[in-house]
Chemist: 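This is the structure I have questions about; it appears just below.
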Amino acid sequence: MESKDTISDDQADQSDQPDQPAALKPGEQIEQAEQIEQTEHVEPPVAPVVKRPRGRTTLFVVAAAVLGIAGGTAVGYDIQARRAPTPLPALSQPGLAYPAKALPPGKAPEPLPASQDRRLRTDGDLRKLIVDRPAGWSDDEPLELGLIDGWVRPEIYARSYEEEGSMYEYFLENDVRRVAGAAWKRGQYRTATLHLVQFRSSAVQGAQDFVEGQLSYMPGSKNGAGSDGDAIKGSGNGRYYLYRVERKPGYMPLHHARAIVYRGDIAADIHIYDTAPISKKDIRTLAERQLERL
């Protein structure tokens, strides 16, 4: 009969095994896992920040660049100084030179005739450059034109423009020299005026600027012709225009044609007025004849 104190084999095996920890509850398991994670995560040591002095590298770079440029210039100058001088190429037109002595009287070239010397013509009587009065026309000298023996003072001529003060100031600033004019009439209502405006030689482009300024406002301005006009043949810069008919109650219709052109330092300004229509041929012919005289 076995004693009660006898220990079974299973009990002996269990006594040899180490004690197992008690099972944790779900909440305790999460808390324990967080503690283990915090224990294992260790922040690495932070390296100390070393401050470098500012501007030292930049100074080194600038100094090196300056020394390099100076050294390169010196070396290049020394190399160039050691080279033999390079002869210059010959002139393309070596024959153009003034003679050492004046030509004898018999061999000196004759001066240009007055018909070819334009400076002689333009420096003379400006009134003689006005085209001859057209056939069938007669002289007309209305008081508002201010014609005195074929001459017109610039301030009087400026009155023919809408803004006479600005135009007179323009003439003064651009060194106008003199103004010659003529006026004609044909029949009961047709009239024509012609002015030659000459600028001094100091105003290099006086006539050109004046004409181009007048041409610029002709197409679009309310006081202009409302069109681009037509070119005056042979001028390269002049144009002639037919204005829109001006109609006012109680008045006869007013037709207007204008031509403006320049050559050298002289500008020609031509107007024709009539109560009847004016053909392009009338203003064009007068403008082309005047251009031939210039």
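For reference, positions follow the sequence shown, starting with 1.
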Chemist: Measure the spacing between CD1 of Ile156 and CG of Leu147 and express it to the nearest 0.5 Å.
Modeler: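 Between atom CD1 of Ile156 and atom CG of Leu147 there are 10.5 Å.
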Chemist: Can you sort out the partners of Glu163 under side-chain hydrogen bond (donor to acceptor under 3.5 Å, both in side chains), two or more places apart, ordered by chain and number?
Modeler: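 For Glu163, no residue satisfies side-chain hydrogen bond (donor to acceptor under 3.5 Å, both in side chains) once neighbours in sequence are set aside.
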Chemist: How would you list, by chain and number, every residue that makes a side chain to side chain contact (heavy atoms under 4.5 Å, CB included) with Glu288, sequence neighbours excluded?
Modeler: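 Listed in chain order: Ile232, Lys233, Arg284.
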Chemist: Measure the spacing between CD of Gln198 and CG of Leu294 and express it to the nearest 0.5 Å.
Modeler: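 Reported to 0.5 Å precision, the distance equals 10.0 Å.
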Chemist: I'd like to know if Arg244 pairs up with Glu246 as an ion pair, taking the criterion as any Lys NZ or Arg NE/NH1/NH2 lying under 4.0 Å from an Asp or Glu carboxylate oxygen.
Modeler: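 So Arg244 does not pair with Glu246 through a salt bridge.
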Chemist: Leu172: which other cluster members, linking ILVMFWY side chains closer than 4.5 Å, directly or transitively?
Modeler: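 Via sub-4.5 Å side-chain contacts, Leu172 links to Tyr168.
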Chemist: Considering residues at least two apart in sequence or located in another chain, which fulfil the side chain to side chain contact (heavy atoms under 4.5 Å, CB included) criterion with Arg190?
Modeler: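 Result, side chain to side chain contact (heavy atoms under 4.5 Å, CB included) vs Arg190: Trp137, Arg186, Ile272, Asp274, Ile278, Asp282.
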Chemist: Quick one: pull up CZ in Arg159 and CD in Glu164 and give me the separation to the nearest 0.5 Å.
Modeler: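 Answer rounded to 0.5 Å: 6.5 Å.
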Chemist: For a side-chain contact (heavy atoms from CB on, under 4.5 Å) check, start with the C-alpha distance between Ile130 and Arg293, then their side-chain angles and the critical distance, and finish with the verdict.
Modeler: CA-CA 7 Å; Ile130 296 177; Arg293 296 292 293 268; over 6 Å; no
Chemist: Give the minimum heavy-atom separation between Ala287 and Ala259, together with the two atoms involved.
Modeler: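 Closest approach of Ala287 to Ala259, heavy atoms only: CB-CB, 3.7 Å.
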Chemist: Looking at residues at least two apart in the chain, or sitting in another chain, which of them share a side-chain hydrogen bond (donor to acceptor under 3.5 Å, both in side chains) with Arg133?
Modeler: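 Per chain and number, Arg133 pairs via side-chain hydrogen bond (donor to acceptor under 3.5 Å, both in side chains) with Asp139.
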Chemist: Which heavy-atom pair separates Asp123 from Arg177 by the least distance, and what is that distance?
Modeler: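 Here Asp123 and Arg177 meet closest at OD1-NH1, 3.3 Å.
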Chemist: May I have the step-by-step check of side-chain contact (heavy atoms from CB on, under 4.5 Å) for Phe199 and Asp175, ending in yes or no?
Modeler: CA-CA 6 Å; Phe199 294 81; Asp175 207 7; 5.8 Å; no
Chemist: Sequence neighbours excluded, which residues qualify as side chain to side chain contact (heavy atoms under 4.5 Å, CB included) partners of Arg289?
Modeler: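 With neighbours one apart ignored, the set is Val131, Asp132, Pro134, Thr285.
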Chemist: For Asp228, what residues pass the side-chain hydrogen bond (donor to acceptor under 3.5 Å, both in side chains) criterion, not counting sequence neighbours?
Modeler: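 Scan of Asp228 (side-chain hydrogen bond (donor to acceptor under 3.5 Å, both in side chains), adjacent residues dropped) gives none.
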Chemist: I'd like to know whether Thr191 forms a side-chain contact (heavy atoms from CB on, under 4.5 Å) with Trp184, so could you lay out the CA-CA distance, the side-chain angles of the two residues, the decisive distance to 0.1 Å, and finally the verdict.
Modeler: CA-CA 6 Å; Thr191 60; Trp184 308 303; over 6 Å; no
Chemist: CZ of Arg263 to CD of Glu292: how many Å apart, nearest 0.5 Å?
Modeler: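 Reported to 0.5 Å precision, the distance equals 9.0 Å.
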Chemist: If every non-hydrogen atom of Pro219 is compared with every non-hydrogen atom of Leu215, which pair is closest and at what distance?
Modeler: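 In this case the closest contact between Pro219 and Leu215 is CD-O, 3.4 Å.
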Chemist: Assess whether side-chain contact (heavy atoms from CB on, under 4.5 Å) is satisfied between Arg258 and Tyr243, documenting all intermediate values.
Modeler: CA-CA 8 Å; Arg258 184 187 187 188; Tyr243 284 68; 3.6 Å; yes
Chemist: Kindly give the cluster partners of Tyr189, where membership spreads through any ILVMFWY side chain lying under 4.5 Å from a current member.
Modeler: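 Other cluster members: Met252.
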Chemist: Please identify each residue that fulfils side chain to side chain contact (heavy atoms under 4.5 Å, CB included) with Arg127, with sequence neighbours left out.
Modeler: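 In terms of side chain to side chain contact (heavy atoms under 4.5 Å, CB included), with neighbours along the sequence ignored, Arg127 is linked to Asp125, Asp149, Trp151, Ala180.
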Chemist: If I compare all heavy atoms of Ile283 with all of Ile270, which pair ends up nearest, and what's the gap?
Modeler: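 In terms of heavy atoms, the two residues are closest at CD1-CG2, 4.1 Å.
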Chemist: Looking only at heavy atoms, which two atoms of Ile266 and Leu196 are closest? And how far apart?
Modeler: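 In terms of heavy atoms, the two residues are closest at CG2-CB, 4.1 Å.
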Chemist: Of all residues at least two apart in sequence or in a different chain, which pass the side-chain hydrogen bond (donor to acceptor under 3.5 Å, both in side chains) check with Tyr157?
Modeler: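 For Tyr157 the side-chain hydrogen bond (donor to acceptor under 3.5 Å, both in side chains) partners, ignoring immediate neighbours, are Tyr161, Asp269.
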Chemist: Testing the basics here: between Arg200 and Val176, what is the closest heavy-atom pair and its distance to 0.1 Å?
Modeler: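 Closest pair (atom of Arg200, atom of Val176, distance): NE-O, 4.1 Å.
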Chemist: Would you compute the distance between atom OH of Tyr241 and atom OG of Ser227 and round it to the nearest 0.5 angstrom?
Modeler: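 It is 7.0 Å, given to the nearest 0.5 Å.
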Chemist: Which ILVMFWY residues are connected to Tyr273, directly or by a chain of links, through side-chain heavy atoms under 4.5 Å apart?
Modeler: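 Members other than Tyr273 - counting any ILVMFWY side chain reachable under 4.5 Å - are Leu254.
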Chemist: Tell me the ring-ring contact (aromatic ring centres under 6.0 Å, His included) pairs involving residues 210-231, sequence neighbours left out?
Modeler: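 Found Phe171-Phe210.
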Chemist: Which distance, rounded to the nearest 0.5 Å, do you find between the CD1 of Ile148 and the CZ of Arg153?
Modeler: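 Reported to 0.5 Å precision, the distance equals 6.0 Å.
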Chemist: Looking at Asn237 and Ser235, would you say the former's side chain and the latter's main chain have a donor-acceptor pair under 3.5 Å?
Modeler: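 Checking the backbone N and O of Ser235 against the side chain of Asn237, a donor-acceptor pair under 3.5 Å is found.
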